[in-house]
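See below for the structure under consideration.
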Amino acid sequence: MAVDVLLGLQWGDEGKGKIVDVLCPNYDLVARFQGGPNAGHTLEFDGKKFVLNTIPSGIFNNRSLNLIGNGVVIDPIILKRELTQLKVAGYDPVVSQKLFIAKKAHLILPTHQLLDAANEQKMGEAKIGSTLKGIGPTYMDKTGRNGLRVGDIHLSDFMAKYKKLVEKHQSILKNYAFEYDLAEKEKIFFEAIEFLKTIPLVDGEHFVNHYIRSGKSVLAEGAQGTMLDIDFGSYPFVTSSNTTTAGACTGLGIAPKTIGAVIGIFKAYCTRVGGGPFPTELDNEIGEQLRKIGHEFGATTGRARRCGWIDLPALKYAIMLNGVTELVMTKADVLSGFDDIYVCTHYDYEGQTIDYMPYDISTIAPKPILEKVAGWHEDLTNIHQMHQIPQKLWDYIHYLESALDTPITYLSVGPDRSQTLKLK
Ligand code: GDP
Ligand code: IMO
Ligand code: MG
């Protein structure tokens with residue numbers, strides 16, 4: 001058995017949560033492998049809506065167990081809030097023993113968030129536009145070998161380690177003109193740590209490999225998107241983890257040879273939230289229209305998402321980096337009603353026509369070279385069968401499949417679980 005990987009190919013918010021929810025009945029285990037509560041994965045079904053930040057999107061499925069992998073960074077306060085919300089809604093993964101956490105996942109401390117905020121404030125206009133969840137500072141402490149791991153909460157020296165790290169953070173914070181009050185946050189943090197002790201911690205790498213060896217199926221759920229990858233994204237306007245397929249190996253402790261299908265999710269257009277380059281951005285009425293129709297406001301921060309046309313050089317790059325074997329196109333319904341749709345096929349990079357993502361995308365903005373494609377006017381939100389797909393949308397699907405040399409196996413036409421068509 002293999003581990004299938006599902007991840008975003010753009011700048012995040014492609015609809016990963018929804019598609020994991022649709023596909024997870026096929027899997028015994030769903031495992032998040034990187035990122036943290038910077039993610040907001042939205043699921044809608046039976047008239048209900050949930051936004052998950054840390055918990056894998058297989059949590060509502062009866063079959064699958066869910067693992068928060070070692071590559072994830074966990075804010076206990078946010079995790080407690082998520083689990084409490086689920087409990088109130090009648091789902092209690094703790095009671096039903098559906099949620100496990102890898103001991104080697106790192107903890108986000110209140111001071112990590114303060115450092116994130118202080119740093120962003122200092123950068124002013126040049127800021128990353130982070131989600132202010134403490135992601136960058138937590139991964140810095142992980143790679144700097146100072147971090148606290150979830151498994152540490154059961155060890156006798158946890159408080160000593162905590163204090164040592166907080167002291168270090170406070171000495172860094174002295175260099176910023178940044179006011180803060182830690183006491184209140186710490187109180188909630190330690191309450192959440194006590195709550196965390198009620199959730200089973202496992203050696204995630206053994207847990208997943210045992211599943212693989214015993215012939216069970218595993219789905220690795222990515223967060224953010226390929227263009228936010230720490231190594232290959234639009235650096236420095238990226239997140240602090242590997243959002244690509246390779247991240248599933250290090251974020252779960254699985255060998256590359258165990259990877260099976262790689263399912264790449266992309267929107268029928270493109271969005272990004274926060275700062276940084278976005279070649280196909282539409283800073284005009286059309287962009288505004290896409291934002292309005294697509295409800296393009298962040299699931300985690302509520303910020304307006306920047307909107308633009310689909311970007312093929314970026315998608316080709318993402319497909320290459322991830323070894324994508326199949327594609328899922330979401331939000332096709334949002335494009336209904338546009339007479340013309342545009343596709344960025346190449347970039348004009350300082351007068352040169354190129355079809356790849358240049359190194360210095362963050363300093364020299366490539367201009368998109370756009371090709372016009374006929375739009376469709378039919379409302380897609382109620383279609384459930386392939387024969388109901390308008391011809392112009394088929395044309396768009398076939399155009400993209402050919403340009404990207406990868407099959408589109410699912411089409412999403414609305415936020416609800418039921419608004420999904422299997423194409424192949
Ligand atoms: P994720 O972070 O990749 O899981 O995506 P988000 O949940 O942050 O953002 C996707 C948003 O689009 C959510 O509000 C979803 O409910 C919604 N969504 C997902 N698929 C579709 C779709 O096909 N059509 C429409 N209109 N909305 C969708
Ligand atoms: P999901 O999983 C969209 C963006 C932030 C910022 C940059 C760095 O819901 O797709 P960070 O807080 O990670 O240090 O912020 O990355 N970002 C996301 N954008 N979707 C996400 O997650 C994101 N997680 C982080 O806006 O530009
Ligand atoms: Mg999201």
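In each ligand, atom 1 is the first atom listed, and ligand 1 is the first ligand listed. Computed from heavy atoms alone, side chains included, the values below leave out hydrogens, waters and symmetry copies.
Checking side-chain atoms of K422 against main-chain N and O of M386 turns up no donor-acceptor pair under 3.5 Å.
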Name every donor-acceptor pair, under 3.5 Å, that has one atom in a side chain of residues 47-55 and the other anywhere in the protein, sequence neighbours excluded.
from : atom 1 : to  : atom 2 : distance (Å)
K48  : NZ     : Y91 : OH     : 3.1
N53  : ND2    : A39 : O      : 2.9
T54  : OG1    : E82 : OE2    : 2.5

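Listed by chain and residue number, the protein contacts of ligand 1 are D13, E14, G15, K16, G17, K18, G40, H41, T42, E44, A299, R305, T330, K331, D333, V334, S412, V413, G414, P415 (heavy atom within 4.0 angstrom).
Take a cut-off of 2.8 Å around the Mg ion (ligand 3): the protein N, O or S atoms inside it are D13 OD1, G40 O.
A side chain to side chain contact (heavy atoms under 4.5 Å, CB included) with K18 is found for one member of L43, D416, T420 and no other, namely T420. Checking each of I341, L404, L312 against Y399 for a side chain to side chain contact (heavy atoms under 4.5 Å, CB included) leaves exactly one that passes, namely L312.
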Are any protein N/O atoms closer than 3.5 Å to the N/O atoms of ligand 2? If there are, list each pair with names and the distance to one decimal place.
from     : atom 1 : to   : atom 2 : distance (Å)
ligand 2 : 2 (O)  : H41  : NE2    : 2.7
ligand 2 : 2 (O)  : Q224 : N      : 2.8
ligand 2 : 9 (O)  : D13  : OD1    : 3.0
ligand 2 : 9 (O)  : G40  : N      : 2.9
ligand 2 : 9 (O)  : G40  : O      : 3.2
ligand 2 : 10 (O) : D13  : N      : 2.8
ligand 2 : 10 (O) : D13  : OD1    : 3.4
ligand 2 : 10 (O) : K16  : NZ     : 2.7
ligand 2 : 12 (O) : T131 : N      : 2.8
ligand 2 : 12 (O) : T131 : OG1    : 2.5
ligand 2 : 13 (O) : N38  : ND2    : 2.9
ligand 2 : 13 (O) : T239 : OG1    : 2.6
ligand 2 : 20 (N) : D13  : OD1    : 3.1
ligand 2 : 20 (N) : D13  : OD2    : 3.4
ligand 2 : 22 (O) : Q224 : NE2    : 3.4
ligand 2 : 24 (N) : Q224 : NE2    : 3.2
ligand 2 : 26 (O) : G129 : O      : 3.3
ligand 2 : 26 (O) : V273 : O      : 3.0
ligand 2 : 26 (O) : R303 : NH2    : 2.9
ligand 2 : 27 (O) : V273 : O      : 3.1

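Taking every heavy atom of both residues into account, L86 and F60 meet most closely at CD2-CZ, 3.5 Å.
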Check the pair D379 / S336 against side-chain hydrogen bond (donor to acceptor under 3.5 Å, both in side chains), numbers first and verdict last.
CA-CA 6 Å; D379 174 17; S336 290; 5.5 Å; no

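The line from CG of D333 to OG of S412 is 7.0 Å long, rounded to the nearest 0.5 Å.
Ion pairing between E167 and K164 fails under the 4.0 Å rule for side-chain N and carboxylate O. Between K104 and E205 a salt bridge is recorded (basic side-chain N to carboxylate O distance below 4.0 Å).
With ring centers used as reference points, Y27 lies 6.0 Å or more from Y211. Proximity of the aromatic rings of Y349 and Y356 is defined here by a centroid distance below 6.0 angstrom, and this criterion is not met.
Ring orientation note: the planes of W309 and Y342 are tilted relative to one another, at an angle of 30° to 60°.
Contact check for P313 versus M357: no side-chain heavy atoms found under the 4.5 Å cut-off.
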